[in-house]
Structures are given as C-alpha cells and as structure tokens.
Amino acid sequence: KSLPYFCRGEVVRGFGRGSKELGIPTANFPVSVVDHLPADIGTGIYYGWACVGTGDVFKMVMSIGWNPYYKNTKKSMETHVIHTFNEDFYGEILNVVMVGYIRPEKSYDSLEALIAAINNDIEEAKLKLELPEHLKLKEDNFFTSVT
Ligand code: ADP
Ligand code: MG
C-alpha cells in the first residue's frame with residue numbers, strides 16, 4: 001500500500017557484518033530515515049531503483065531487518081545497488097525508490113545458502129524491474145531533480 005516508497009539519506013557505516021566480504025555490500029541508512037518508514041512496510045527483502053548522489057540510477061535490492069545495535073527495537077535498511085562501483089560512497093546521499101516486495105527475512109543454515117538466496121533476490125529484482133510500470137519509476141523526477 002505504501003509502495004512505491006521514495007526516500008533518501010546519507011550512507012552511514014553499518015555493523016561491519018562483512019557484507020562486502022560476501023561480495024554483496026549493503027549501504028546503510030541512518031536511523032532518521034528508517035524512523036520515517038510507514039508502519040505497513042515490514043521486514044523482508046524489497047527491490048527498486050537507487051542512485052548515489054547525482055549518479056546514474058541502478059537496480060537495487062534492500063533488506064529491512066531488526067537492527068541489533070538498537071537491541072532489535074528499530075528497523076535497519078540496507079541497500080545493495082546492483083552495480084560495481086570503483087569506490088565506497090560513505091557520506092554520500094543515497095536516493096531510492098522501493099518498488100516491490102520479494103520475500104520475508106529468513107535465517108540460513110550456511111553462508112552458501114544465504115549468498116544463494118541473495119543472488120536469487122538480485123535475479124528476481126532484475127527481472128521484475130523490467131516491467132513497464134517499474135521502468136517508468138527509474139525516470140521519476142525524484143531522481144532527475146537531484147542536484
Ligand atoms: P557496512 O557494514 O559499513 O555497511 P558493507 O560491507 O555492507 O559495510 O559495505 C557497504 C559499503 O560499501 C557502502 O556503504 C558503500 O560505501 C560501499 N559500496 C560499494 N559498492 C556498493 C554497492 N554496489 N551497493 C552498496 N554499497 C556499496
Ligand atoms: Mg552494510
């Protein structure tokens with residue numbers, strides 16, 4: 001009901017869970033952005049579009065989960081942009097539109113199972129975002145009006 005949901009915020013440091021070591025870095029939003037999430041956006045995996053600063057708009061997958069730093073009382077939002085960047089972008093503004101929901105969060109028996117699930121999510125996001133109603137959000141003023 002709240003989708004598509006547009007938001008932007010500074011990229012902050014995560015909990016150093018080593019997402020990058022898994023080959024799947026996730027850019028974290030600050031609590032101020034997470035606090036604005038509508039109540040009906042629950043935890044789980046979402047897909048959509050993202051751009052860093054005034055850069056190009058790329059496909060993304062986002063995990064919304066319970067933030068261990070805040071004793072699981074607050075949600076966290078972690079975006080994996082489906083693009084290979086030459087450098088980290090901590091401190092830059094990440095602009096995203098969450099377009100659809102993929103699945104609830106799960107715990108996995110192994111790292112391999114987790115990585116396989118995330119790679120499935122990425123493939124599903126890539127396919128879904130090719131739908132015309134989703135493609136048009138890539139061109140939304142939300143992204144083009146970023147200065
Ligand atoms: P942290 O725990 O600080 O979030 P990660 O291992 O999850 O560390 O790495 C996230 C950081 O990697 C992001 O904040 C960003 O600066 C950088 N990064 C590089 N490429 C990407 C990408 N494709 N998607 C998301 N973040 C990326
Ligand atoms: Mg991260």
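All values derive from a computational prediction rather than experimental measurement. As the structure lists them, so they are numbered: ligands from 1, and atoms in each ligand from 1.
- Distances shorter than 4.0 angstrom occur between a heavy atom of Thr79 and an atom of ligand 1.
- Contact annotation for His83 and ligand 1: only backbone heavy atoms (N, CA, C, O) come within less than 4.0 Å of the ligand.
- Sorted by first then second residue, the salt bridge (charged side-chain N to carboxylate O under 4.0 Å, His left out) pairs that include residues 92-112, not counting sequence neighbours, are Arg103-Asp121.
- Among Asn86, Ile24, Val81, Val11, the residue whose heavy atom lies nearest to atom 24 (N) of ligand 1 is Val81.
- Here the shortest heavy-atom pairing between Val61 and Ala125 reads CG1-CB, 3.5 Å.
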Handout entry: Pair Thr26-Asn28, side-chain contact (heavy atoms from CB on, under 4.5 Å): steps then yes or no
Key = CA-CA 6 Å; Thr26 59; Asn28 288 65; 4.0 Å; yes

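- Any N or O atom pair closer than 3.5 Å counts here, and Val12 shares no such pair with ligand 1.
- Evaluated by nearest non-hydrogen atom to atom 19 (C) of ligand 1, the leading choice among Phe58, Phe89, Tyr90 is Phe89.
- Shown are the protein N/O/S atoms under 2.8 Å from the Mg ion (ligand 2), given by residue and atom: Thr26 O, Thr26 OG1, Asn28 OD1.
- Close contacts between ligand 1 and Arg13 involve ligand atoms 3 (O) [criterion: under 4.0 Å to a heavy atom].
- In terms of polar-atom proximity, Glu87 is not counted as a contact of ligand 1, lacking any N or O under 3.5 Å from an N or O of the ligand.
- Atom-to-atom distance recorded for Leu127:CG and Tyr47:OH is 10.5 Å, nearest 0.5 angstrom.
- By the 4.5 Å side-chain criterion applied to Ile, Leu, Val, Met, Phe, Trp and Tyr, Phe29 is assigned to a cluster that also includes Leu3, Tyr5, Val11, Val33, Val34, Leu37, Ile41, Tyr46, Val52, Phe58, Met60, Met62, Ile64, Met77, Val81, Phe85, Phe89, Tyr90, Leu94, Val96, Met98, Tyr101.
- Contacts between Asn28 and ligand 1, counted as non-hydrogen atom pairs separated by less than 4.0 Å, involve the side chain only.
- Against a heavy-atom cut-off of under 4.0 Å, Gly14 is close to the following atoms of ligand 1: 1 (P), 2 (O), 3 (O), 4 (O).
- Here the closest heavy-atom approach between residue Gly48 and residue Leu129 is recorded as O-CD1, 3.2 Å.
- The minimum heavy-atom distance between Ala117 and Tyr108, with the atom names listed, is CB-OH, 3.2 Å.
- Between the Lys59 side chain and the Lys126 main chain, a donor and an acceptor come within less than 3.5 Å of each other.
- Separating the CG atom in Leu137 from the CG atom in Leu131 is a distance of 11.0 Å, to the nearest 0.5 Å.
- Residues forming a side chain to side chain donor-acceptor pair (under 3.5 Å) with Lys75 (at least two apart in sequence, or on another chain): none.
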